[in-house]
Amino acid sequence: LPDPLLMLDGSRVTTEKQWFEQRRPELKSLFQHYMYGYLPPAPRNIRATEHRVEPSYLGGKATKREVTIAFGPKGAPEISLLLVIPNKQQQPVPVFVGLNFCGNHSLLDDPNIALPIPWLYSFCPGGENNRATEAGRGRMDSWSVEQSIDRGYAVATFYNGDIDPDQPDFSDGVHPHYLKKGQTSLGPHDWGTIAAWAWGIHRAVDYLVQLDEIDHQRIAVFGHSRNGKAALFAAAMDERIALSIP
């Protein structure tokens, strides 16, 4: 494998400062250029609106919030974040952040969690004609939200289709809203779907680091399959994420 401590000019990294100021930016640029495409800058107009707050969730063990995270140009898609925070632990608490494949409603059998509106994978339980239905509630219980709460961790998640539905085009997600001036389609080094998902995770982190209940030094991002690739790339591109579990 290539030596990660050997810079492009052939010189060797010997100090922490060299790593963070020289080599790490080189690697980030390489991965964007050849693998995932270049991410746009973080938007400055992040807006978070909380809905359906339940302070006695899971039998009183947790507080549930559904949060709409809006950003970027007019009409850009919004993130619907599900956040569950333990009540009995000493706060602030660490948090697991991750994308889900079938909607927030699929994680918990809760009739109050909003159904996702965008296109949905055909393999998702309860889905009909690539749309979420009530029949999918609580059908993806492998997330073990209550177990995480019992161990003292908060859980924050959103459907990856909120940022970019996983179809073979870039017409129905965030991409059209971030085309450069005069551009009508993505170029060979522009961001793809996995990069967009990772960028969406960064927007969730933008919200989480504003909360007193969350330990900003212990943010872990995780995901399975292509969501796992997004988790890995999200952590590589954002120093606020302390741990990646792909």
* To do: Check the pair K61, D150 against side chain to side chain contact (heavy atoms under 4.5 Å, CB included), reporting the backbone distance first and the verdict last.
  => CA-CA 8 Å; K61 293 190 289 188; D150 290 341; 2.9 Å; yes
* side chain to side chain contact (heavy atoms under 4.5 Å, CB included) evaluation trace for L8 with R23 -> CA-CA 8 Å; L8 294 180; R23 182 55 174 160; 4.2 Å; yes
Can you check whether [Y]'s main-chain N or O pairs, donor with acceptor, with [X]'s side chain at less than 3.5 Å?
X: Q183; Y: L179; result: no
X: E213; Y: Q91; result: no
X: R12; Y: M7; result: no
X: R226; Y: H224; result: no
X: Q18; Y: T15; result: yes
X: S144; Y: Q147; result: no
X: H189; Y: Y34; result: no
X: H33; Y: F31; result: no
X: S106; Y: G103; result: yes

* **Derivation and outcome, side chain to side chain contact (heavy atoms under 4.5 Å, CB included), residues E66 and L83** => CA-CA 6 Å; E66 292 181 71; L83 175 62; over 6 Å; no
Side-chain contact, heavy-atom cut-off 4.5 Å: [X] with [Y]?
X: I163; Y: N160; result: no
X: F158; Y: S80; result: no
X: Q167; Y: T193; result: no
X: V67; Y: I69; result: yes
X: M140; Y: L108; result: no
X: F96; Y: I245; result: yes
X: Y207; Y: I46; result: no
X: V205; Y: I219; result: yes

For residues 130-138, run the donor-acceptor check on the side chains, cut-off 3.5 Å, and write out each pair with its distance to 0.1 Å, sequence neighbours left out.
unit_1 : atom_1 : unit_2 : atom_2 : d
N130   : ND2    : L120   : O      : 2.8
T133   : OG1    : G126   : O      : 2.3
T133   : OG1    : A135   : N      : 3.3
E134   : OE1    : R137   : NE     : 2.6
E134   : OE1    : R137   : NH2    : 3.4
E134   : OE2    : R137   : NH2    : 3.3
R137   : NH1    : D110   : O      : 2.8
R137   : NH1    : I113   : O      : 2.7
R137   : NH2    : P111   : O      : 3.4
R137   : NH2    : I113   : O      : 3.0

* Atom CD of E128: over 12 foreign heavy atoms under 6.0 Å -> no
* Enclosure of K64 NZ (heavy-atom neighbours >12, cutoff 6.0 Å) -> yes
Listed partners of [X] passing salt bridge (charged side-chain N to carboxylate O under 4.0 Å, His left out), at least two apart:
X: D109; answer: none
X: K28; answer: none
X: K17; answer: none
X: D215; answer: R218

* Using the test side-chain hydrogen bond (donor to acceptor under 3.5 Å, both in side chains), find all partners of T157 that sit at least two apart in sequence or belong to another chain. =>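 Per chain and number, T157 pairs via side-chain hydrogen bond (donor to acceptor under 3.5 Å, both in side chains) with N100.
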Return the minimal non-hydrogen interatomic distance between [X] and [Y], and the atom names on each side.
X: A62; Y: L58; answer: CB-CD1, 4.3 Å
X: G173; Y: D164; answer: CA-OD1, 3.9 Å
X: A195; Y: G37; answer: CB-O, 4.4 Å
X: R52; Y: A114; answer: NH2-CB, 3.3 Å
X: S148; Y: V155; answer: CB-CG2, 3.6 Å
X: P118; Y: P165; answer: CB-CG, 4.1 Å

* **With H177 via ring pair (Phe, Tyr, Trp, His ring centres under 6.0 Å) - residues at least two apart** =>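 With neighbours one apart ignored, the set is empty.
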* Pairs where residues 118-166 contributes a residue and the test disulfide (SG to SG under 2.5 Å) is met, not counting sequence neighbours ->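 Output for this query lists C102-C124.
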* To do: Name all pairs fulfilling the disulfide (SG to SG under 2.5 Å) condition that reach into residues 167-246, sequence neighbours left out, sorted by first residue then second.
  =>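 Checked against disulfide (SG to SG under 2.5 Å) - neighbours excluded - no pair reaches residues 167-246.
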* Would I85 and N87 count as a side chain to side chain contact (heavy atoms under 4.5 Å, CB included) if you check the C-alpha gap in whole Å, the side-chain angles of each, and the deciding distance to 0.1 Å? -> CA-CA 6 Å; I85 303 175; N87 286 335; 5.8 Å; no
* To do: For S225 and N227, run side chain to side chain donor-acceptor pair (under 3.5 Å): C-alpha distance rounded to whole Å, both residues' side-chain angles, the deciding distance at 0.1 Å, then the answer.
  => CA-CA 5 Å; S225 191; N227 284 346; over 6 Å; no
Name every donor-acceptor pair, under 3.5 Å, that has one atom in a side chain of residues 232-244 and the other anywhere in the protein, sequence neighbours excluded.
unit_1 : atom_1 : unit_2 : atom_2 : d
D238   : OD1    : R240   : N      : 2.9
D238   : OD1    : R240   : NE     : 3.0
D238   : OD2    : R240   : NE     : 3.2
D238   : OD2    : R240   : NH2    : 2.7
E239   : OE2    : R24    : NE     : 3.1
E239   : OE2    : R24    : NH1    : 3.2
E239   : OE2    : R24    : NH2    : 3.0
R240   : NH1    : D206   : OD1    : 2.7
R240   : NH2    : H202   : O      : 3.3
R240   : NH2    : D206   : OD1    : 3.0
S244   : OG     : A231   : O      : 3.4

* **Any pair counted as ring-ring contact (aromatic ring centres under 6.0 Å, His included), so long as it reaches residues 49-69, sequence neighbours left out** => none
* **Residue pairs fulfilling ring-ring contact (aromatic ring centres under 6.0 Å, His included) with at least one residue in residues 115-146, sequence neighbours excluded** => F101-Y121, W119-Y121, Y121-F123, W143-F222
Mind checking the [atom1]-[atom2] spacing from [X] to [Y]? Nearest 0.5 Å is all I need.
X: I194; Y: L99; atom1: CD1; atom2: CG; value: 10.5 Å
X: L39; Y: Y178; atom1: CG; atom2: OH; value: 11.5 Å
X: Q32; Y: D190; atom1: CD; atom2: CG; value: 11.0 Å

* Asked: Under the criterion ring pair (Phe, Tyr, Trp, His ring centres under 6.0 Å), which of W199, Y36, Y38 is the partner of W191?
  -> W199
